[in-house]
*Asks:* 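There's a structure below that I have some questions on.
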Amino acid sequence: MRPLDGITVVTLEHAIAAPFATRQLADLGARVIKVERPGVGDFARGYDERVRGLASHFVWINRSKESLTLDIKHPDALAALKRLIVDEADVLVQNLAPGAAARLGLSHEVLSASKPEIIVCDISGYGDNGPYRDKKAYDLLIQSESGFLSVTGTEEEPCKAGPSIADIAAGMYAYTNILAALMERQKTGRGQHLDISMLESLAEWTSYPLYYAFDGATPPPRTGASHATIYPYGPFPAGDGKTVMFGLQNEREWSAFCNTVLLQPALAEEERFAGNSRRSAGRVELRRIIVDAFSDLSAEQVVERLDAANIANAQVNDMQAVWDHPQLEARKRWRQVETSAGVVPALLPPGSWKTGEPRMDPVPALGQHSAAILAQLGYTAEQVAEFKSTGVI
C-alpha cells in the first residue's frame, strides 16, 4: 500500500507546474489521469527530443500517469470529462489559461455543488483575482516579476535559474496544499478550493533577500556563484586551474579555516575580518588572501585541508557527473522507467520508505489510455470509435 492508493486525480495540465505537482501525487500511489489535446497533447511533449526522441521536461514529470485525449471544446468531450470528474475524481488540478476552467464549468464553486468532497487546485501565474490575474505567465517572467533575477547573477548582469524554479515552486506548493486538503477532508468530509500562484510561490522562496532589504535597506548584491551575504562561501580557484567550492557558517569554522586551510592563524584574530558582516564587507581583500594561499596547491590538496578542518566543500559537477555521482549510486537512487521510446533511468523521489518504494510507472504515450478510461465510464466500443473518427478524442 502507498499513502495515496485509492485517490484519483484528474488533471488538465501542461508545461511544468501542474505536471510536477501531479507526478508527485502519482509517486505516492494516486491514480493520475492526464487530459490532453488530441493530436498534440501537453505542449511540453514538443519542447525537445533529447530523451530518445521524447522531451526531457515531459519524461521527468509525467511518469506513472494515464493519458486521456479529449477535445474539451467539443460538447461530447466536455460531457465525458465532467462525467469522469463526478464519477471518479477526488482532486481536479488545472493550469489552463486564466478563467478557462471556470468557463468550462469546472470551477470549485460549480463542481462542489454536486460533489462537496471534490478538491479543485487552480495553478496560475498570479492567482484568481487582482490586477495581474489575466496576465500570461511563464517561468522566466515570474523569476523577473518576483525579484528573483535582481539577486541572481553577476554584478554586471542578472541570470535566470537554470531549472524552471518558478514552476517548480508552484508545483511544490500545489502538491503540499493538495495533501493538506486531503487530510482536512478526512476530518470534515468536504473538499477545498486551492488557488496557487507562481508569483506568490517564488516570492516566498525569495523572502530572505526581501527581509535583507526590509524597510528600505539596500538589497543583497548579485555575486555570481558566491553567497551574497556570507563570506567566504562560493567558488575559489586552486593553483592547478580547477575550482573548489566551500563555505563557512560561523566563527568556529573561520578559526579552523585560518589555522588548518590557510595556515595563517593570526588572520583569525584580525579585527577587519571579525564576524561574518565584516568578512562579507571586506570580501575583495579576503578573496585575494585566499587565492594567494591556494595558488601553490592543487584542488585536491585544498579539499584535503578543508576536510581536515571540517569545512563544508563540494565539487562543481556537470550533468554527466551527476549521472555518475557515487553517492546516488551508493544509495541506490536510480530506477528504470518505461517510455514509448524504451527504458530510461529515473531518479527516485527524495525520501526513503521502510515499507516499500514510490511508484515509478511508465511515461504515457499521447492518448494511450483513452479507450480504457472511457470504457470504465460506461462508453461502448462503438462510441469510442465514433469519438476517434469525429476528433472528440
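If you're wondering where the values come from, they're calculated on a predicted model, not measured in any experiment.
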*Asks:* Please list every donor-acceptor pair under 3.5 Å in which a side-chain atom of residues 384-393 meets a protein atom from a residue at least two apart or in another chain.
*Replies:*
from : atom 1 : to   : atom 2 : distance (Å)
S389 : OG     : E386 : O      : 2.8
T390 : OG1    : E386 : O      : 2.8
T390 : OG1    : F387 : O      : 3.4

*Asks:* Using modelled atom types only, decide if a donor and an acceptor are shared between the side chain of D122 and the backbone of D128 within a distance under 3.5 Å.
*Replies:* no

*Asks:* Is E13 salt-bridged to K65, going by a charged N under 4.0 Å from an acidic O?
*Replies:* yes

*Asks:* Compile the donor-acceptor pairs under 3.5 Å between side chains in residues 44-54 and protein atoms, sequence neighbours left out, one pair per line.
*Replies:*
from : atom 1 : to   : atom 2 : distance (Å)
R45  : NE     : E36  : OE1    : 2.9
R45  : NH1    : P364 : O      : 3.4
R45  : NH2    : E36  : OE2    : 2.9
R45  : NH2    : P364 : O      : 3.1
D48  : OD1    : R50  : N      : 3.2
D48  : OD1    : S56  : N      : 2.8
D48  : OD1    : S56  : OG     : 3.4
D48  : OD2    : S56  : OG     : 2.7
R52  : NH1    : V343 : O      : 2.2

*Asks:* What distance separates N259 CG from L267 CG, expressed to the nearest 0.5 Å?
*Replies:* 9.5 Å

*Asks:* Who are the side-chain hydrogen bond (donor to acceptor under 3.5 Å, both in side chains) partners of N317, not counting sequence neighbours?
*Replies:* none

*Asks:* Centroid-to-centroid, Y175 to F20, below 6.0 Å?
*Replies:* no

*Asks:* Holding to salt bridge (Lys or Arg N to Asp or Glu O under 4.0 Å), I want the full list of residues that pass it with E204, two or more places apart in sequence or in another chain.
*Replies:* none

*Asks:* For W254, which residues count as a ring-ring contact (aromatic ring centres under 6.0 Å, His included) partner, sequence neighbours excluded?
*Replies:* none

*Asks:* Taking side-chain contact (heavy atoms from CB on, under 4.5 Å) as the test, write out the residues that go with S298, two or more places apart.
*Replies:* D240, E300, Q301

*Asks:* Answer yes when K34 and D42 have at least one side-chain N-carboxylate O distance shorter than 4.0 Å, and no when they do not.
*Replies:* yes

*Asks:* List in chain and number order the residues that pass side-chain contact (heavy atoms from CB on, under 4.5 Å) with P209, two or more places apart in sequence or in another chain; answer none if no residue qualifies.
*Replies:* V151, T206, P220

*Asks:* Show me the pairs that pass ring-ring contact (aromatic ring centres under 6.0 Å, His included) and involve residues 327-368, at least two apart or across chains.
*Replies:* W323-W334

*Asks:* Could you list the residues that satisfy side-chain contact (heavy atoms from CB on, under 4.5 Å) with R83, not counting sequence neighbours?
*Replies:* D87, L377, Y379

*Asks:* Does R2 CZ have over 12 foreign heavy atoms under 6.0 Å away?
*Replies:* yes

*Asks:* Keeping to residues at least two apart or across chains, list the salt bridge (charged side-chain N to carboxylate O under 4.0 Å, His left out) pairs with something in residues 311-335.
*Replies:* R335-E357

*Asks:* Hey, is R185 close enough to E117 for a salt bridge, meaning N to O under 4.0 Å?
*Replies:* no

*Asks:* Please enumerate all residues that pass side-chain contact (heavy atoms from CB on, under 4.5 Å) together with S112, with sequence neighbours excluded.
*Replies:* H108, I118

*Asks:* Mind checking what makes ring-ring contact (aromatic ring centres under 6.0 Å, His included) contact with H74, not counting sequence neighbours?
*Replies:* none

